[in-house]
Amino acid sequence: MVNESEFRTHSQRYYEILEKRKTLPVWQQKEEFLRVLSANQTVILVGETGSGKTTQIPQFVLEAFGDNNKGITKKKMIACTQPRRVAAISVSKRVAEEMDVKIGEEVGYTIRFEDCSSSKTVLKYLTDGMLLREAMADPLLERYRVIILDEAHERTLATDVLFGFLKEVLKNRADLKLVVMSATLEAEKFQSYFSGSPLINVPGRLHPVEILYLEKPQKDYLESAIQTVLQIHICEPPGDVLVFLTGEEEIEDACSRIRREIQNLGSQVGPVNVLPLYSTLPPAMQQKIFDPPDEAGGRKIVVSTNIAETSLTIDGIVYVIDPGFVKQKVYNPRVRLESLLVSPISKASANQRAGRAGRTRPGKCFRLYTNKSFDELLQPQTYPEILRSNLSNTVLTLKKLGVDDLVHFDFMDPPAPETLMRALEMLNYLGALDDDGNLTKLGEIMSEFPLDPQMSKMLVVSPEFGCSNEIVSICAMLSVPNCFVRPRGAREAADEAKARFAHIDGDHLTLLNVYHAYKNNDEDSSWCYQNFVNHRLMKAADSIRQQLVRTMARVQLRLCSNDFSSRDYYINIRKAMLAGNFMQVAHLERSGHYLTVKDNQMVQLHPSTGLDHKPTWVIYNEYVLTTSKFIRTITGIRGEWLVDLAAHYYDLDNFPECEARQALQKLYKKQRQ
DNA sequence: TATTCATAG
């Protein structure tokens, strides 16, 4: 048979790139890899940074296992997952260039909001979350011939679910192959999980990084980090510096202190360019880390969160300062509390950070802890996300994927039983699962939405309250980070601007006001700027809203609004929200504190709330621990609605003794009259 | 009475 591609003339550039590709370490193992993959259903490939695995392996797979049929049946594709959208896009573009094809044709990508693939596509990069979505509609993933899970060591929630799910699919599809690719990983753990699948090691290509430890433990990592920056700037040869800190405020503080201290040193030292880096920083500011050195030729000092550990790679970094801490999410299923805790990093994370110093030439990593603490105190790997999260949405996804027995589902790291129980309990109360734990019709519809179950529930019931237009806007606004900007130096003005949007009954309605105002002002970016509203996030909320509206049409949910001048306009919106959030209610005690219902946690209204009074009953979107236990994004509701709309949850036979219970008793009595 | 690590759908 004639291979069509042999008759195509490639551009000169194609051959130039090909020669470069052949020098990548992973090419040394091309034959071995393909031989092993032919003989096995699953292969594990460990490749360090710089091995070329993300761009080359999918092309090798395509060459050997690509579908050459002439279109009688639809071609089966090769999929390669990435934890992040930007990576899926940039890698697929690179590969399209290497293959001399137009992006979206033979090589494409699919992420939320953007499907850049076509009937011609044979190699597709997509986010791990997107593959999971596809699986919900195509449970055997029949459109794929080979699935490559890349960056598996990151252990994202979606990748972990795909592990267990794909193991099942492989049993039912002898023709499907799986390649698991990872950087440093617990090779044995992966191998034993995938029942002894063969493992191939690919060397990376990094410059050596000298690791320096402290002699004695330091007391104040921030102080120590700043001093180390100054030392490097004074004593070390040119080369940019990357400092890992834990959060926005800490980073901004550190940046001003570093600038000040270096200014104090005067002309005895060279100029510096100190740059903060964190996810909520506007993209234009983030881009500055990639700017070439300015005319003064100052040393670049980037002070970053963990975003620079995996998501953003800055070339030219020669010195890394690693204080050894990270801010991480932790979930306590007992009281359903999410918190952000500053905790020690893992050894894997420390090594990843160090590697950031050796991308362009040999570098140095200053670890602000002792060699002994590294050896003895740091755990080998970061706790996977699945062990640190509320799993109600994940459980709904698994049920939709057809996993009936969650307790025996083959998780690589099984979550705490209580976390699963909490998730099942919530889904049962929401009506997404019946008492036997089976997906209901309602649950089926809820699972179609890219939202947490409480939100999909309120969206699904909203037409019954005549306000689905408003609820879908609120869901969209809740799906993006806080849209209110509060710049240093203009805090009062920002707070005043925000107060103008405030709705007396609560923050959800304030978000609705902002959304409406944004639309009424033609989505204008200067309007946003003047009103201290983040335009980028408003655009994001708007595209999420469009996506939700498309899904609503698909599952035949009506879009409707009540008469705005009606007294009940906001009441119906609040009731619809309660129908999804009746498990997130707090009651104002006589002491003046709020207590969460059933869990009896004493909480404060988050300072960001626009409420100027304390309603007796409130629903909240999140319960978080930062400097104190807070409930965030709060709207007042009426107690009567609890007994009317959520009697199955507010069942007094099953309710701890407390002030809320007494209040509910009165409400039930009144209801019967 | 005092405020958000990262990421995905």
Side-chain angles (χ1 to χ4, degrees), chain A residues 81-88 110-114 126-137 151 154-162 244-252 277-281 304-312 325-330 338-343 345 349 382 384-386 388-389 393-394 396-397 400 447-453 455-456 475-476 479-486 488 491 494-495 498 534 537 540 543-544 547-548 550-551 592-594 603-609 611-612 614 622 624-633:
Chain A
T81 67
Q82 295 294 317
R84 284 166 290 277
R85 292 180 203 152
V86 276
T110 306
I111 58 169
R112 186 183 188 178
F113 308 124
E114 201 183 354
L126 72 177
T127 50
D128 50 6
M130 201 62 224
L131 185 62
L132 210 49
R133 270 281 142 192
E134 289 186 356
M136 289 168 73
E151 312 291 357
E154 289 194 25
R155 302 291 306 275
T156 64
L157 200 42
T159 291
D160 266 22
V161 172
L162 284 168
F244 285 101
L245 290 178
T246 64
E248 174 178 341
E249 193 162 289
E250 192 178 78
I251 286 168
E252 293 290 356
L277 182 64
Y278 42 87
S279 72
T280 51
L281 199 67
S304 171
T305 59
N306 237 21
I307 193 170
E309 193 181 300
T310 46
S311 308
L312 287 174
F325 291 97
V326 67
K327 200 182 278 188
Q328 265 192 330
K329 188 177 65 184
V330 183
E338 259 184 15
S339 36
L340 283 173
L341 277 186
V342 173
S343 38
I345 59 170
S349 186
T382 306
E385 202 185 356
I386 200 164
R388 298 185 283 114
S389 309
N393 202 21
T394 304
L396 185 62
T397 303
K400 172 69 182 169
S447 74
E448 294 291 319
F449 290 95
L451 295 170
D452 281 338
M455 271 195 267
S456 12
C475 286
S479 297
V480 297
N482 179 15
C483 68
F484 294 108
V485 185
R486 203 162 175 260
R488 290 169 165 240
R491 297 208 156 155
D495 291 344
K498 184 177 171 186
N534 184 325
L537 293 179
S543 60
I544 291 173
Q547 187 192 28
L548 295 175
R550 285 195 297 273
T551 309
H593 292 105
Y594 280 95
V603 294
Q604 288 174 276
L605 305 187
H606 195 272
S608 63
T609 186
L611 278 176
D612 62 353
K614 288 183 160 183
E622 286 175 297
V624 293
L625 173 73
T626 48
T627 50
S628 175
K629 289 176 175 176
F630 292 111
I631 50 176
R632 188 159 56 198
T633 316

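As the structure is a computational prediction, the values presented were derived from the model and not from experiment. Quick note on labels: first sequence line is chain A, next is B, and so on, each numbered from 1.
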- Looking at every strand, decide which applies to A:Asn306 at a 4.0 Å heavy-atom threshold: base, sugar-phosphate, or nothing. nothing
- Task: Examine B:dA6: is either OP1 or OP2 under 4.0 Å from a nitrogen or oxygen in the side chain of A:Thr305? Give yes or no.
- Result: yes
- Task: Please determine if a side-chain N or O atom of A:Thr127 lies less than 4.0 Å away from the OP1 or OP2 oxygen of B:dG9.
- Result: yes
- Message: Check the phosphate of B:dG9 against A:Arg85, side-chain N and O only, distance under 4.0 Å to OP1 or OP2. Yes or no?
- Response: yes
- Message: I need the CG-P distance between A:Leu157 and B:dA6, as an integer number of Å.
- Response: 18 Å
- Item | Nearest heavy atoms of A:Ala158 and A:Gly129, plus distance in Å | CB-N, 3.8 Å
- Query: How is A:Arg133 classified with respect to the nucleic acid when contacts are heavy atoms under 4.0 Å: base, sugar-phosphate, or nothing?
  - Reply: sugar-phosphate
- Query: What does A:Ile111 touch in the nucleic acid at a heavy-atom separation under 4.0 angstrom: a base, only the sugar-phosphate, or nothing?
  - Reply: sugar-phosphate
- Item | Spacing between A:Gln547 atom CD and B:dG9 atom P, to the nearest angstrom | 9 Å
- Just compare B:dT7, B:dT4, B:dA2 and give me whichever is closest to any side-chain atom of A:Pro607. B:dA2
- Task: For A:Asn393, report the nucleic acid contact type (base, sugar-phosphate, nothing); a contact means any heavy atom under 4.0 Å.
- Result: base
- Grab the CG-C1' distance between A:Asp160 and B:dA8 for me, whole Å please. 14 Å
- For A:Ser456 against A:Phe449, the heavy-atom pair lying closest together: CB-CB, 4.1 Å
- Query: When the distance from CG of A:Leu132 to P of B:dA8 is rounded to whole Å, what number comes out?
  - Reply: 14 Å
- A:Ser349 and A:Glu309 side chains, donor-acceptor separation under 3.5 Å: yes
- Item | Touch class at under 4.0 angstrom, heavy-atom based, for A:Pro481 against every strand present | nothing
- Chi angles and distances behind the side chain to side chain contact (heavy atoms under 4.5 Å, CB included) call for A:Val342, A:Val326: CA-CA 5 Å; A:Val342 173; A:Val326 67; over 6 Å; no
- Roughly how many Å is it from CG in A:Asp495 to C1' in B:dA2, rounded to a whole number? 11 Å
- A:Gly247 and A:Lys327 have their tightest heavy-atom pair at CA-NZ, 4.3 Å
- So does A:Thr626 get a side-chain nitrogen or oxygen closer than 4.0 Å to the phosphate oxygens (OP1/OP2) of B:dT3? no
- Minimum-distance pair of heavy atoms, taken over all atoms of A:Arg85 and A:Phe113: NH2-CE1, 4.3 Å
- Query: Given B:dT3, B:dG9, B:dA6, which nucleotide is nearest the side-chain atoms of A:Ser608?
  - Reply: B:dT3
- Of all the nucleotides listed (B:dC5, B:dG9, B:dT4), which has the minimum atom distance to the side chain of A:His606? B:dT4
- Message: As a test of reading the structure: which of B:dG9, B:dT3, B:dC5 is closest to the side chain of A:Asp452, going by heavy atoms?
- Response: B:dG9
- Taking atom C1' of B:dA2 as reference, at what distance in whole Å does atom CZ of A:Arg491 sit? 11 Å
- Item | A:Thr627 side-chain N/O to B:dT3 phosphate OP1/OP2 under 4.0 Å | yes
- Counting side-chain heavy atoms from C-beta on, which of B:dG9, B:dT7, B:dT3 comes nearest to A:Glu385? B:dT7
- Item | Closest-nucleotide ordering on DNA chain B, the 5'-leading residue of A:Arg388 and A:Phe113 | A:Arg388
- Message: Counting the atoms with a prime plus P, OP1 and OP2 as sugar-phosphate, which does A:Thr156 contact under 4.0 Å by heavy atoms, base, sugar-phosphate, or nothing?
- Response: nothing
